[in-house]
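Taking it in order: structure first as structure tokens, then the write-up.
Sequence positions, counted from 1, serve as the residue numbers for this chain.
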Amino acid sequence: METKRIKGAEALMLALKQEGVKTIFGYPGGAIMPVFDVLYDYTRGDKKSFDHILVRHEQAAAHAAQGYARVSGEVGVCLVTSGPGATNTLTGVADAMMDSTPIVVIAGQVGTGVLGTDAFQEVDLVGVAQPISKWSYQIRRPEDVAWAVSKAFYIARSGRPGPVVLDFPKNAQTGTAEWKPAHVDFVRSYVPYPKPDGQAVSAAAELINSAKRPFALVGQGVELAGAQRELVEFLEKADIPAARTLLGLSALPSSHPLNMGMLGMHGNYAPNIKEQECDVLIAIGMRFSDRVTGLPSTYAKQAKVIHLDIDHAEINKCVKADVPVVGDCKVTLPAITQLLVKKDHCGWRDSFKACQKEEQAKVITPAIHPTEGPLLMGEVVNVVAEATGGDAVLVTDVGQNQMFASRYFKYNRKRSVVTSGGMGTMGFGLPAAVGATFGAPDRTVCMFCGDGGFQMSIQELGTIMEQRAPVKMILLNNNYLGNVRQWQDMFFNHRRSFTKMLNPCYGQLAAAYGICYEVVTDRATLAAAVGRMLSTEGPFLLECAIKEDDNVLPMTPPGMSVSEMMLKIEC
């Protein structure tokens, strides 16, 4: 019997179905129209396999796919056309690469017969995407669709996750081939899960057993590996205080007694200071970002460094490791734990309390419990955090809203933080929150955003309207590009060059999109407004009128040592 021949476009649908894809974020256009024509049948009726979410901008498709991936642990998928449709996704691709987020971008392309002729909406997508993705590939024949899609998903989700870009010329979409499912689980020279070195594991355990002041730095690698339980067992056995990076915040519950707070430029005072006093520093699934280390030449010079990472390229890249342990931390952590001696470092743990008390008095209490003056970002975040009980998903945009939200939100559950870390992409928050509502439909999604970032992707209110995506949007409106304004005040003699913003009436915008809205200008009404937002079914925009010169503290000024972290800004 003759095997049925199908178009490359339908082969794409079958290949995505085989990979377990349920949700696609996309935007149609000329060069991807054959795929969208077939997709029509696969989103309804007996063939229904996917939900397609029509975004309002292709960059939003990539960010929504990121939000979906971060909370679900699955690969996010977006589908766009060629030329500007494809290039619009590249900010999201670069963002996903920096933050190790598994997404697959599928873009239309002109037919192979006119490649290189500057045909309408032609762009060398593979060439442009190659430096900012794990893999980019052009599918030139319908026969190659199944193999290319399987390989794309394997590369995107395995090892250290990341983005993959597939360029899909029109003739490969419309041409026919016999459908033959493919399953790729091996790529020559690609070793996603390196086998741990037993000697390195033993050396790490020996260093930790002899340590008097061990300190663990917990990154997103723990979340990506699903190693939250293994992390807790490791920390508790050796009684190791720990701090989390921005992307690793929900890898360890906020309430855990060994959790000493957040690392980084605007992290908590105690962990940043104590990094400079520990004798053994254990980095787990983190990459020693400059936002964590401050001035590298002064960073933790007194400590022996153990670095656990799945990506060999991260070892010795920023901080020299005395003991590198390359491998999946879901494997390496229990291997080390097995060799550890039960310890009690109560004296070392207690030494964090003085710094914690100082930060509480000088920074935290004034930020979350002010008694007078305009609303502050910290108090808004704190009220939402208390009302959600640590069970919500936090999505942020970038800037002061991101730092305040990350510092004062609470995390009881894994995969609860969706933010743009390495790239710091303004406009990320709104579409990423849309994606998060589809990736974790059973959870409350709270998105904190500044007025600048909100307007960078404000068109996605249309997506929220159409999908009734239940995003709880908390707009921290200070009429400024707040983070830049803070730096201008601190480092550029208060010369506020083009950071003041004239904003629209957000209430009228919300009404135009049919989204519930409320504005808070008085702290006496804040808690009740937050309660109404959380109890309202569907999306909600809560605008909070924030003090214009509210500053994020503590702060390690750029180019300075973490030992010089500031608890106040000297005018």
*Can you tell if the side chain of Ile464 reaches within under 4.5 Å of the side chain of Leu430, non-hydrogen atoms only?*
yes
*Can you find a heavy atom in the side chain of Pro431 that is under 4.5 Å from one in the side chain of Val55?*
no
_Tyr27 atom OH, neighbour heavy-atom count above 12 within 6.0 Å_ = no
*Of the non-hydrogen atoms in Val218 and Ala242, which two are nearest, and what is the gap between them?*
CG2-CB, 4.1 Å
*With no hydrogens and no angle check, is any side-chain donor or acceptor of Asp279 less than 3.5 Å from a backbone partner on Ala211?*
no
*asked:* Is it the case that the side chain of Arg70 and the backbone of Arg415 share a donor-acceptor pair, with hydrogens and angles ignored and the cut-off at 3.5 Å?
replied: no
_Counting the benzene-type ring for Trp, do Phe409 and Phe404 have ring centres under 6.0 Å apart?_
no
_Could you walk me through whether Arg160 and Asp311 satisfy the salt bridge (Lys or Arg N to Asp or Glu O under 4.0 Å) test, starting with their C-alpha distance in whole Å, then the side-chain angles of each, then the deciding distance to 0.1 Å, before giving a yes or no?_
CA-CA 7 Å; Arg160 181 180 182 175; Asp311 187 354; 2.8 Å; yes
*Would Thr91 and Thr425 count as a side-chain contact (heavy atoms from CB on, under 4.5 Å) if you check the C-alpha gap in whole Å, the side-chain angles of each, and the deciding distance to 0.1 Å?*
CA-CA 8 Å; Thr91 295; Thr425 304; 3.7 Å; yes
*Would you tell me whether Gln302 and Gln276 have side-chain atoms, one donor and one acceptor, within less than 3.5 Å of each other?*
no
*Around Lys357, counting heavy atoms of other residues, nucleotides and ligands shown, do more than 12 lie under 6.0 Å from its NZ?*
no
_Distance alone, cut at 3.5 Å: any donor-acceptor contact between the side chains of Gln455 and Asn503?_
yes
_Is it the case that the side chains of Gln488 and Thr499 hold a donor-acceptor pair, with the cut-off being a distance below 3.5 Å and no angle test?_
yes
*Presence of salt bridge, Glu518 and Arg532, under 4.0 angstrom*: yes
*Using a distance-only test with no angle check, is there a side-chain donor-acceptor pair under 3.5 angstrom linking Thr419 and Gln402?*
yes
*Does a donor on one side chain sit under 3.5 Å from an acceptor on the other, for Asp95 and Gln66?*
yes
*asked:* If you define the side chain from C-beta out and look only at heavy atoms, does anything of Val80 sit under 4.5 Å from Asn88?
replied: no
*Sub-3.5 Å donor-acceptor pair from the side chain of Asp309 to the main-chain atoms of Gly285, do we have one?*
no
*Between the main-chain N or O of Thr101 and the side-chain N or O of Asp99, is there a donor-acceptor pair closer than 3.5 Å?*
no
*asked:* For Lys304, I'd like to know if atom NZ has over 12 heavy atoms of other residues, nucleotides or ligands within 6.0 Å.
replied: no
_Has Asn493 got a side-chain atom pairing as donor or acceptor with Arg495's backbone, closer than 3.5 angstrom?_
no
*asked:* With no hydrogens and no angle check, just 3.5 Å: does a side-chain donor-acceptor pair link Thr463 and Glu460?
replied: yes
_Closest approach of Gly219 to Thr245 (non-hydrogen atoms, all atoms of both residues)_ = CA-OG1, 3.5 Å
_Main-chain N/O of Val326 paired with His312 side-chain donor or acceptor, under 3.5 Å_ = no
*Go through the steps for Arg413 and Arg443 under the test side-chain contact (heavy atoms from CB on, under 4.5 Å), then give the verdict.*
CA-CA 11 Å; Arg413 299 171 63 179; Arg443 300 184 66 185; 3.6 Å; yes
*Looking only at non-hydrogen atoms, find the nearest pair between His369 and Asn382 and report the distance.*
CE1-ND2, 3.9 Å
*Look at the side chain of Arg407 and the backbone N and O of His266, then say whether any donor-acceptor pair between them is shorter than 3.5 Å.*
yes
_So that I can tick it off, tell me whether Glu548 and Lys500 are bridged by a salt bridge, with the cut-off set at under 4.0 angstrom between side-chain N and carboxylate O._
yes
_Distance flag, aromatic centroids of Phe352 and Phe215, threshold under 6.0 Å_ = yes
_Tyr299 side chain to Glu275 side chain, donor-acceptor N/O pair below 3.5 angstrom_ = yes
*Side chains of Lys274 and Ser351: is there a donor and an acceptor less than 3.5 Å apart?*
yes
*Side chains of Met97 and Met423: does their closest heavy-atom pair fall under 4.5 Å?*
no
*Taking the side chain as every heavy atom from C-beta outward, state whether Ile515 and Phe540 have any atom pair closer than 4.5 Å.*
no
*asked:* Please tell me whether Ser416 and Ser250 have a donor and an acceptor in their side chains that are separated by less than 3.5 angstrom.
replied: no
_Lys353 and Glu358: CA distance, side-chain angles, deciding distance, salt bridge (Lys or Arg N to Asp or Glu O under 4.0 Å) verdict_ = CA-CA 8 Å; Lys353 291 179 180 177; Glu358 188 176 5; over 6 Å; no
*Locate the shortest heavy-atom distance separating Met260 from Asn268; write the atom from each residue and the value.*
O-CB, 4.3 Å
_Using the rule given for salt bridge (Lys or Arg N to Asp or Glu O under 4.0 Å), can you reason through Glu379 versus Arg523, listing the C-alpha separation, both sets of side-chain angles and the distance that settles it, and then say yes or no?_
CA-CA 9 Å; Glu379 69 176 312; Arg523 65 177 44 91; 2.7 Å; yes
_Aromatic centroids of His307 and Phe288 separated by under 6.0 Å_ = yes
_Quiz item: cation-pi between Arg496 and Tyr480, 6.0 Å / 45°_ = yes
*Can you tell me if Asn412 uses its side chain to pair, donor with acceptor, with the backbone of Gly389 under 3.5 Å?*
yes
*Has Phe492 got more than 12 heavy atoms of other residues, nucleotides or ligands less than 6.0 Å from its CZ?*
no
*Going through the distances and angles, do Trp348 and Cys278 end up as a side-chain contact (heavy atoms from CB on, under 4.5 Å)?*
CA-CA 9 Å; Trp348 166 235; Cys278 68; 3.8 Å; yes
*Working for side-chain contact (heavy atoms from CB on, under 4.5 Å), residues Val325 and Val323*: CA-CA 6 Å; Val325 183; Val323 180; 4.2 Å; yes
*Do Glu58 and Thr89 meet the criterion of a side-chain donor-acceptor pair at a distance under 3.5 Å?*
no
*At their closest point, which heavy atom of Ala156 faces which heavy atom of Ile103, and how far apart are they?*
CB-O, 4.1 Å
_Side-chain (Ser72) to main-chain (Gly439) donor-acceptor, under 3.5 angstrom_ = no
*Please check if any side-chain donor atom of Asn478 sits under 3.5 Å from a side-chain acceptor atom of Asp550, or the reverse.*
no
*Taking the side chain from Ser136 and the backbone from Ala129, do they hold a donor-acceptor pair closer than 3.5 Å?*
no
*asked:* Please find the pair of heavy atoms, one from Leu567 and one from Leu553, that lie closest to each other, and give the distance.
replied: O-CD1, 3.6 Å
_Under a 3.5 Å cutoff, is there a donor and acceptor pairing between the side chains of Tyr517 and Glu543?_
yes
